[in-house]
Amino acid sequence: MRKTFPKRRYSACASAIAWSFYVFLASVLGSAPRADAADSLDLPGELTGFVALDSRVFFNSRQFPQQAHHSGLLSLVAAPEWYLEWNGGDDAVLFSPFYRGDLQDPERAHWDIREANYLHVGSSWELRAGIAKVFWGVAETQHLVDIINQTDAVEDTDGEDKLGQPMLHLKLVRDAGVFEFFSLPGFRERTFPGRHGRLRGPLVVAVDDPVFESSKGQRHIDWAARWSHTLGSWDVALSHFYGTSREPRLVSGLDRKARLRLIPFYDIINQTGVEVQYTGDSLLLKLEAIGREGQAQYRAAFVVGFEYTFFQFWKAADIGILSEYHFTDADHSAPLSSFEHDLFTGARLALNDVEDTQVLGGAIIDTVDGSLSWSLEASRRLSGNWKVEVDLRLFGNIPSRSPFASFNSEDFVQLRLTRFF
Amino acid sequence: MSVSKRLSLGILFLAIALPAVAETPQEKGHAIAIEADSRDTGFKDWKGTLRMVLMNRHGETSERELRMRSLEVPAEDEGDKTLIVFDNPRDVKGTALLTFTHILEPDDQWLYLPALKRVKRISSNNKSGPFMGSEFAFEDFSAQEVDKYKYEWLRDEKLGDIDCFVNTRYPQYGNSGYTRQITWVDKEHYRVHKIEFYDRKDALLKTMVLTKYRQYLDRYWRTHDMFMENHQTGKTTRLVWGDYEFQSGLSEKDFSKATLQRMR
């Protein structure tokens with residue numbers, strides 16, 4: 001979406017208007033017929049998915065003049081998914097587009113094909129061809145090893161939203177574990193907030209002017225392999241990736257229009273990853289580690305942590321405490337990491353009620369400079385196919401010399417209302 | 001009468017009396033469990049659909065729909081493998097739970113979260129926790145292996161028109177929410193018709209009534225209606241089973257972490 005939205009001026013009642021729009025849309029969506037959507041369209045297969053309304057409210061006013069006054073105040077997400085299988089599920093196709101509309105930040109407004117692939121299942125192998133999504137990892141607060149899909153960074157700050165990645169994915173299921181091989185043609189660039197958007201530094205990322213180490217640019221074919229296995233209480237995986245780094249180095253420079261910007265540099269890297277999880281009675285121990293070569297100096301990073309759950313702590317409710325330590329050994333030419341030597345401590349509450357109420361909250365502290373980042377995520381099912389989620393993110397104590405200093409005034413709360421179908 | 005004669009007479013008396021007193025209530029209870037288990041072995045695998053209707057004290061209901069499949073593991077010391085896929089409510093659609101049941105050790109469990117495409121190994125210490133907010137605990141869903149309990153026969157009793165054995169069973173696995181369960185098992189087919197669950201304080205917590213039994217492959221009986229009532233909260237959950245299918249050729253590979261990632 002490169003279309004520029006007209007500049008809007010918001011009055012004090014913008015919020016009230018937005019909310020009445022919310023209520024209107026909610027009532028329209030709520031009255032939609034409950035019949036199976038795929039049936040009513042005479043489409044073979046199964047049509048599911050969701051439509052959601054997001055509203056972000058920042059506690060502090062904008063810091064940079066181009067930023068919209070009420071960035072993210074109202075945003076709409078649509079994510080339908082169509083699935084068709086035959087041969088008893090041994091052959092299947094999946095199509096899942098994604099759209100976000102955002103009135104204030106045209107870089108945040110975007111569409112993507114999250115999945116469009118064909119799957120064939122053999123006796124002890126599987127082949128998936130097309131655009132797909134793959135997750136690697138065991139940790140909760142950073143996904144270090146996960147590298148197949150590019151992060152859709154305008155969606156959220158947690159790095160869990162991903163862009164669809166074209167791939168050929170072969171999976172061999174053996175007694176010695178699962179062996180996977182990936183060929184990844186077609187590189188996806190990371191999304192970043194535009195000049196009208198919040199949650200950015202003083203310099204905007206020139207998403208349209210990336211620089212690639214490979215002369216093939218986006219057409220460089222990347223490769224990856226992974227072995228994963230379960231040995232009693234231990235789940236382990238080893239992986240290797242060769243190709244264009246999903247994480248760019250951001251270097252200040254001039255873009256094509258000679259504006260001062262952060263230019264994303266995508267290097268060719270080799271990355272080896274390790275994942276280990278021990279599952280005990282109530283205790284989970286987790287480790288993710290990577291070694292990366294090709295981007296500045298050789299870089300090592302790990303995240304290590306635990307989660308301990310007190311089941312039925314109070315009536316049916318479970319309470320878990322979790323902590324993860326992040327370490328990155330990188331010099332200044334490496335991509336900026338907000339996880340250099342940081343400690344996360346938090347708690348997870350699951351009420352185990354009919355509405356499936358869940359809360360996850362915690363804080364990450366940088367053990368060297370004392371920067372703090374708080375986060376709270378709560379969700380609850382409403383009647384029927386509705387769900388409400390509240391996310392709160394607070395940043396503080398970030399030293400003014402830090403490249404993340406501008407986040408000090410980017411505290412926000414987000415409310416999401418989702419209708420599943 | 002000589003001492004030796006008296007002794008041999010005593011032995012003779014014992015020999016006659018033994019068969020009658022040999023079976024203690026514990027042995028009888030255990031024998032009933034073994035008979036019930038043997039009548040249900042050899043099914044290889046089964047699939048079924050499940051609708052759950054949850055009702056609170058005020059009569060408000062909410063529903064869940066899921067699919068379940070199970071693979072019989074022939075080894076005596078290992079439990080069955082089960083896979084549950086959630087279809088409704090829609091926000092958890094596609095979520096799947098894979099369980100490798102063990103007899104006394106904690107089960108192995110993996111949860112698949114479709115939004116993230118993530119398979120998460122989870123702790124199975126939640127045995128006494130509610131399943132999807134219902135009145136069924138995870139352990140109520142677990143495959144019923146003989147050695148998970150110690151048994152005691154209490155009495156014979158008619159439940160309605162059905163002649164039943166009434167047994168107590170005491171969970172032997174860790175983290176159970178129950179001190180004991182009282183079961184009503186019919187004498188003809190060894191099917192469970194009613195279970196009373198006693199909580200950790202030994203107070204009556206729940207009663208489950210199992211009805212609408214139908215026979216599959218001329219051998220395996222399956223209930224189509226399980227009604228659980230929580231006496232302490234007044235909430236109820238009804239499980240309506242359907243579309244049972246036996247021996248559809250499922251194998252180990254249908255119950256693996258790799259399969260979980262493409263579960264629908």
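Numbers restart at 1 for each chain; the letters A, B, ... are given by sequence-line order, proteins then strands.
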Under 4.5 Å heavy-atom distance to chain A, tell me which part of [X] shows up: side chain, backbone, both or neither.
X: B:Ser134; answer: neither
X: B:Leu116; answer: both
X: B:Asn56; answer: neither

Compute both the distance and the angle, then confirm whether [X] meets the cation-pi test with [Y]: under 6.0 Å from the six-membered ring centre, within 45 degrees of the axis.
X: A:Arg114; Y: A:Phe98; result: yes
X: B:Arg264; Y: A:Tyr83; result: yes
X: B:Lys81; Y: B:Phe255; result: no

Contacting region of [X] [heavy-atom separation from chain B under 4.5 Å]:
X: A:Glu160; result: both
X: A:Lys171; result: side chain
X: A:Phe420; result: both
X: A:Asp353; result: backbone
X: A:Val354; result: both
X: A:Glu307; result: neither
X: A:Leu94; result: side chain
X: A:Arg128; result: side chain

Aromatic ring proximity [X]/[Y], centre distance under 6.0 Å:
X: A:Phe306; Y: A:Tyr308; value: no
X: B:Tyr149; Y: B:Tyr170; value: no
X: B:Tyr216; Y: B:Tyr244; value: yes

Query raised in the report: side-chain contact (heavy atoms from CB on, under 4.5 Å) with B:Asp40: which residues, sequence neighbours excluded?
Result: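 side-chain contact (heavy atoms from CB on, under 4.5 Å) check on B:Asp40 returns B:Phe43, B:Tyr220, B:Arg222.
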Report task. Would you mind telling me which of B:Pro106, B:Gly129, B:Ala137, B:Ser251 has the largest number of heavy-atom pairs within less than 4.5 Å of chain A? Result ->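 Top option by heavy-atom pairs under 4.5 Å: B:Gly129.
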Requested in this report: Could you tell me which of B:Arg121, B:Lys117, B:Lys253 has the largest number of non-hydrogen atom pairs under 4.5 Å with chain A?
Outcome: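 Looking at each of B:Arg121, B:Lys117, B:Lys253 in turn, B:Arg121 comes out on top.
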Sort out for me which of [options] touches chain B most, counting heavy-atom pairs under 4.5 Å.
options: A:Asn149, A:Leu119, A:Thr230; value: A:Thr230
options: A:Ala316, A:Ala350, A:Ser282, A:Ser228; value: A:Ser282
options: A:Glu85, A:Glu180, A:Glu115; value: A:Glu115
options: A:Glu81, A:Lys387, A:Lys162, A:Lys133; value: A:Lys133
options: A:Ser233, A:Ser379, A:Gly280, A:Ala317; value: A:Ser233
options: A:Val134, A:Val138, A:Leu283, A:Asp318; value: A:Val138

Query raised in the report: Are side-chain N/O atoms of B:Glu139 and B:Ser176 paired as donor and acceptor at under 3.5 Å?
Result: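 Distance-only check passes for B:Glu139 and B:Ser176.
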Query raised in the report: Between the side chains of B:Asn125 and A:Thr309, does any donor sit under 3.5 Å from an acceptor?
Result: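 Per modelled atom types, B:Asn125 and A:Thr309 side chains form no pair under 3.5 Å.
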Query raised in the report: Should the ring pair B:Phe141 and B:Phe131 be called parallel, tilted or perpendicular, given that the plane angle runs from 0 to 90° and is split at 30 and 60?
Result: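 The rings of B:Phe141 and B:Phe131 sit tilted, inter-plane angle from 30° to 60°.
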Report task. Could you label the plane-to-plane angle of the A:Trp227 and A:Phe179 rings as parallel, tilted or perpendicular, counting under 30° as parallel and over 60° as perpendicular? Result ->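 A:Trp227 vs A:Phe179 ring planes: tilted.
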Query raised in the report: How would you list, by chain and number, every residue that makes a salt bridge (Lys or Arg N to Asp or Glu O under 4.0 Å) with B:Lys257, sequence neighbours excluded?
Result: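 If we apply the salt bridge (Lys or Arg N to Asp or Glu O under 4.0 Å) test to B:Lys257, skipping adjacent residues, the hits are A:Asp235.
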